[in-house]
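What follows is a set of notes on a single structure, which appears directly below.
Small disclaimer: the values here were computed from a predicted structure and weren't measured. The analysis underlying the following values was restricted to heavy atoms, covering all of them including side chains, and did not include hydrogens, waters or symmetry mates.
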Amino acid sequence: MSRLDAVTLKQLRALIAVAEHRSLTEAASAQHLSTPAIHSQIKGLEEAVGRALLTRPSDGAAFLPTPEGAAMLDAARRIEALLSQAGDQIRALASGRAGHVTLGTVSTAKYFAPHLVALLQRASPDIEIALKVANRGETLAELGRGEYDLAIMGRPPREYLQGAVPLGPHPHGVILPPGHPLAGAEGFDPALLMAETWLVREPGSGTRILMERFLDRTGEGPPARLVTMDSNETIKQAVIAGLGVAFLSLHTVVEELRAGRLTLLRGQGLPLMRHWYLIVPGQPSAVARRIADQIVGLGGAYFPDPPLSG
């Protein structure tokens, strides 16, 4: 009766050595063991399998595997190959050459983040990169729960300032529908601007916070009307339809500005320039550090190039 659960790696390696060298003595030398030790390993393996695994012709020639021995030898070699592959994978993980990285981005970054991930995958095909997009509040919450290895956002929170690396400029501006009375002029009347209907993101959004600061500096009193919408795409379409004006990241309206479906308000302090940051929280793994270095090394080549006037 076989007891394969009792088989050890030492026994399998002894079998491989004897099969390769056809001699107990030479196998023992290759394994840095004594001949009796090799014999003991083979005997223990045969007892576990319940069959003879090696045979030796009566003339005392080389040891040869029996059919059962050939089956065990094939299994032993496959096990060694799998262990070798696992060792390679572990070394790749430890050196940052392979593994998994979760990259979180605020929703505004979705206009360039897929291109960034494509560049990273071409540079490091053995590293799997998962991209997750959420609003600022959700991104910060998931960072706090340790769900992201890296994150990209504007205005890094205080607790992550030490791990924040600037990536490149992040222009913001006021977008208008073509033909709007404020379009095309050099400068604007703050009172007229404050009288507009403003299409805005949800409270707590990084873009909305920046918009509120811009409006506080621009005019007296609150805007005439704020209409909250749940996405930049909805806001863009609403501005194109003439439902109001909006303050957005210019990276979100590159194609619309180039096609003339939207235009920019021109005036002092516009566009408002901020920066994108890479957040590297805590002690990153080797693979996360490798991807972080690649993102920084790309020098913002993944950012769209928005027109800065309209």
Side-chain angles (χ1 to χ4, degrees), residues 1-103 117-131 146-150 280-295 297:
M1 176 175 156
S2 65
R3 296 180 294 109
L4 294 181
D5 58 342
V7 171
T8 69
L9 281 174
K10 286 184 178 180
Q11 292 171 343
L12 294 175
R13 285 168 177 161
L15 178 64
I16 292 171
V18 174
E20 288 177 349
H21 296 281
R22 307 293 180 90
S23 161
L24 292 179
T25 302
E26 291 184 19
S29 176
Q31 293 290 300
H32 305 289
L33 296 171
S34 66
T35 301
I38 283 286
H39 182 270
S40 176
Q41 296 289 354
I42 295 297
K43 183 179 179 181
L45 181 59
E46 289 181 329
E47 289 175 352
V49 174
R51 294 286 189 277
L53 301 179
L54 294 169
T55 184
R56 191 174 191 182
S58 57
D59 60 4
F63 282 92
L64 296 172
T66 65
E68 293 86 356
M72 286 301 298
L73 188 60
D74 180 61
R77 285 171 172 157
R78 279 185 284 148
I79 289 170
E80 286 283 37
L82 288 171
L83 287 173
S84 177
Q85 291 172 12
D88 290 342
Q89 290 172 355
I90 290 169
R91 284 187 291 274
L93 289 167
S95 66
R97 291 184 289 109
H100 180 279
V101 172
T102 300
L103 174 64
V117 171
L119 293 175
L120 295 172
Q121 293 281 216
R122 285 197 287 271
S124 300
D126 293 329
I127 297 176
E128 179 185 354
I129 302 172
L131 176 64
E147 296 182 21
Y148 297 153
D149 297 293
L150 305 168
V280 186
Q283 295 296 322
S285 64
V287 66
R289 173 50 64 189
R290 180 183 179 90
I291 292 300
D293 290 344
Q294 289 181 351
I295 291 173

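- Side-chain contact check for L119 versus I295: every heavy-atom pair is 4.5 Å or farther apart.
- Using modelled atom types, one side-chain atom of E46 and one backbone atom of L53 make a donor-acceptor pair closer than 3.5 Å.
- To the nearest 0.5 angstrom, L150 atom CG is 11.5 Å from L131 atom CG.
- Taking each heavy atom of P284 and G282 in turn, the nearest pair found is CD-O, 3.3 Å.
- Distance CG/L54 to OG1/T66: 7.0 Å, rounded to 0.5 Å.
- Proximity of Q41 to I38: side-chain heavy atoms (C-beta onward) are nowhere separated by under 4.5 Å.
- Within a 6.0 Å radius of NE2 in H39, other residues, nucleotides and ligands contribute 12 heavy atoms or fewer.
- Across all their heavy atoms, A288 and D149 have their closest contact at CB-CB, 4.1 Å.
- To the nearest 0.5 Å, the span separating CD on Q11 from CD on E47 amounts to 9.0 Å.
- Note that CD of Q294 is 6.0 Å distant from CD1 of I127, once rounded to the nearest 0.5 Å.
- Across all their heavy atoms, Y148 and P281 have their closest contact at O-CG, 4.0 Å.
- We find the CG-CD distance between D126 and E128 to be 11.5 Å, quoted to the nearest 0.5 Å.
- Taking every heavy atom of both residues into account, A30 and H21 meet most closely at CB-NE2, 3.4 Å.
- Smallest separation of non-hydrogen atoms from P125 and R122: CD-O, 3.8 Å.
- Remark: E80 engages R13 in a salt bridge, criterion side-chain N to carboxylate O under 4.0 Å.
- No side-chain heavy atom of H100 sits under 4.5 Å from any side-chain heavy atom of V287.
- Two residues are said to be in side-chain contact when any heavy atoms from C-beta on lie closer than 4.5 Å; Q121 and I129 meet this criterion.
- Looking at heavy atoms from C-beta onward, L103 lies out of side-chain contact with I291 at the 4.5 angstrom threshold.
- Here the CD1 atom belonging to I16 is positioned 6.0 Å from the CG atom belonging to L73, to the nearest 0.5 angstrom.
- Contact of the V49 side chain with the L4 side chain is registered, since non-hydrogen atoms from C-beta on lie closer than 4.5 Å.
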